[in-house]
Amino acid sequence: MNEAHEINKKWWNEVTPVHVGSDFYAVDRFLAGENKLGAVEREAVGDVTGKRLLHLQCHFGMDTMSWARLGAKQVVGVDFSEEAVKAATDLAEKAGLADRARFVEGDVQEVGVVDGGGFDVVFTSLGTIVWLSDLKKWGRTIAQNLAKDGFFYFLDSHPTYLMYDEGKSDLTLAYDYFHNDDEPIIDAPGGVSYADESYVIQSGTHEFQWPLQDMFGALEAAGLTIFEVREYPFGAWRMLPDMEIAEDGYWYRTQEGPRIPLLLGFKARR
Ligand SMILES: C[S@@+](CC[C@H](N)C(=O)[O-])C[C@H]1O[C@@H](n2cnc3c(N)ncnc32)[C@H](O)[C@@H]1O
């Protein structure tokens, strides 16, 4: 694992137990039967009955297991944080899903073929590639694990949104659109957890900006074709301070002004 990923892994191992206990993730509601997937990804992925699904960067597994609750016959989550894999495995037992949900520790750039590969769906969402230093390796992992007639589904922050200061509603440009190999975006220790602002984090992070050409290019280089590209003017969490949650569970801007894309969804197949 490279140095940036080692730094990020430390951060995720520190925050995972905080996330598991947070109102933000609401594990109690999941254990009571709540499905943690949003309407956007449920509609895009469609019926998973009887399918095998691989979830990359699964965190502690609530989204992964939500696919099992929707009928997937086997779900496998991959995450490089041993704390996340431990919490996910424990939660699968508590939720009575251990027979269909399995969690594997691994870096998504290096994990290779998981459980024999051949997955009908490879899924990743909401807080993913900003943590990755090499999308070509990520693309290879996806291609290696996809069934011949399967598809990859991606839903995450739109790279245009990631250029702006997330702490300001007036769309202040703060970051390059383009990837910079030599300079990851470094967050020093001492930040607070997005899931619990009372928790001050002792570790720092190295994040990466990935423009569309690099995302699509990495998947194309791995032999995949992109389709069903979708851009959304709403968020899956409070992505800018002026946003408010609506009845559909998504967050909308309240301040007047130009609309920018906040989420990006797409699929890829062989
Ligand atoms: C924001 S979370 C995943 C999103 C999920 N929607 C959620 O909130 O539950 C990001 C996850 O990516 C994992 N991660 C970051 N870099 C990784 C890597 N190189 N390989 C595998 N997992 C990684 C972290 O450990 C974390 O669990």
Side-chain angles (χ1 to χ4, degrees), residues 1-27 29-30 34-38 40-42 45 53-67 75-89 91-92 101 103-112 114 122-142 144-145 153-157 162 166 184-185 187 191 193-196 201 203-208 210 218 235-239 249-251 263-265:
M1 197 180 297
N2 67 42
E3 196 194 337
H5 284 203
E6 290 286 3
I7 289 166
N8 292 339
K9 180 173 157 167
K10 198 164 163 220
W11 191 91
W12 279 105
N13 274 334
E14 183 183 345
V15 299
T16 296
V18 179
H19 289 187
V20 173
S22 70
D23 292 343
F24 181 94
Y25 278 98
V27 168
R29 293 215 300 269
F30 172 76
E34 184 176 87
N35 196 291
K36 292 289 182 180
L37 298 162
V40 170
E41 59 266 36
R42 280 173 71 155
V45 171
L53 181 144
L54 177 66
H55 183 183
L56 299 180
Q57 295 180 249
C58 64
H59 204 23
F60 60 95
M62 290 198 293
D63 287 358
T64 326
M65 288 184 270
S66 293
W67 290 115
V75 294
V76 182
V78 175
D79 204 284
F80 71 174
S81 154
E82 52 267 36
E83 288 296 330
V85 169
K86 233 191 298 163
T89 305
L91 205 51
F103 296 93
V104 174
E105 191 186 316
D107 185 323
V108 296
Q109 289 183 188
E110 297 165 4
V111 69
V114 180
V122 177
F123 171 80
T124 202
S125 80
L126 307 177
T128 60
I129 58 172
V130 293
W131 300 103
L132 304 184
S133 59
D134 187 336
L135 284 199
K136 289 222 167 93
K137 292 183 177 167
W138 170 77
R140 281 203 285 277
T141 300
I142 293 161
Q144 279 177 326
N145 281 289
Y153 179 68
F154 174 99
L155 179 70
D156 211 336
S157 299
L162 291 172
E166 65 183 347
I185 299 165
D187 249 0
S193 157
Y194 63 79
D196 178 355
I201 309 168
S203 329
T205 59
H206 281 194
E207 293 181 48
F208 301 88
W210 292 108
W237 64 92
R238 191 192 292 276
M239 295 172 88
Y250 288 101
W251 294 78
L263 294 177
L264 168 73

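When a ligand or atom number is given, it counts from 1 through the structure's own listing order. Every heavy atom of this structure was used, including side-chain atoms; hydrogens, water molecules and symmetry mates were not. Quick caveat, the model's predicted, so the values are computed rather than measured.
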Engineer: Name all residues meeting the salt bridge (Lys or Arg N to Asp or Glu O under 4.0 Å) criterion together with K36; count only those two or more places apart in sequence or in a different chain, and write none if there are none.
Structural biologist: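 With sequence neighbours excluded, K36 shows a salt bridge (Lys or Arg N to Asp or Glu O under 4.0 Å) to E34, given in chain and number order.
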Engineer: Thinking salt bridges, do K9 and E6 make one under a 4.0 Å N-O criterion?
Structural biologist: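 Result for this pair is no, no salt bridge flagged.
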Engineer: In the structure I gave you, are the side-chain heavy atoms of Y194 and H19 within less than 4.5 Å of one another anywhere?
Structural biologist: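 Y194 reaches H19 side chain to side chain.
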Engineer: If we count only N and O atoms by modelled type, under 3.5 Å, do the side chains of S125 and E41 hold a donor and an acceptor together?
Structural biologist: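 Looking only at side-chain atoms, E41 and S125 do not form any donor-acceptor pair under 3.5 Å.
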Engineer: Within the 4.5 Å heavy-atom criterion, are W138 and T128 side-chain neighbours or not?
Structural biologist: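 SC-SC contact between W138 and T128 ruled out.
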Engineer: Centres of the W131 and W11 rings: under 6.0 Å?
Structural biologist: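 Ring centroids of W131 and W11 are less than 6.0 Å from each other.
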Engineer: Let me know which protein residues bring a heavy atom to under 4.0 Å of ligand 1; chain then number is fine for ordering.
Structural biologist: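 Residues near ligand 1: H5, W12, Y25, Q57, H59, D63, D79, F80, S81, G106, D107, V108, S125, L126, G127, W131, L132, Y194.
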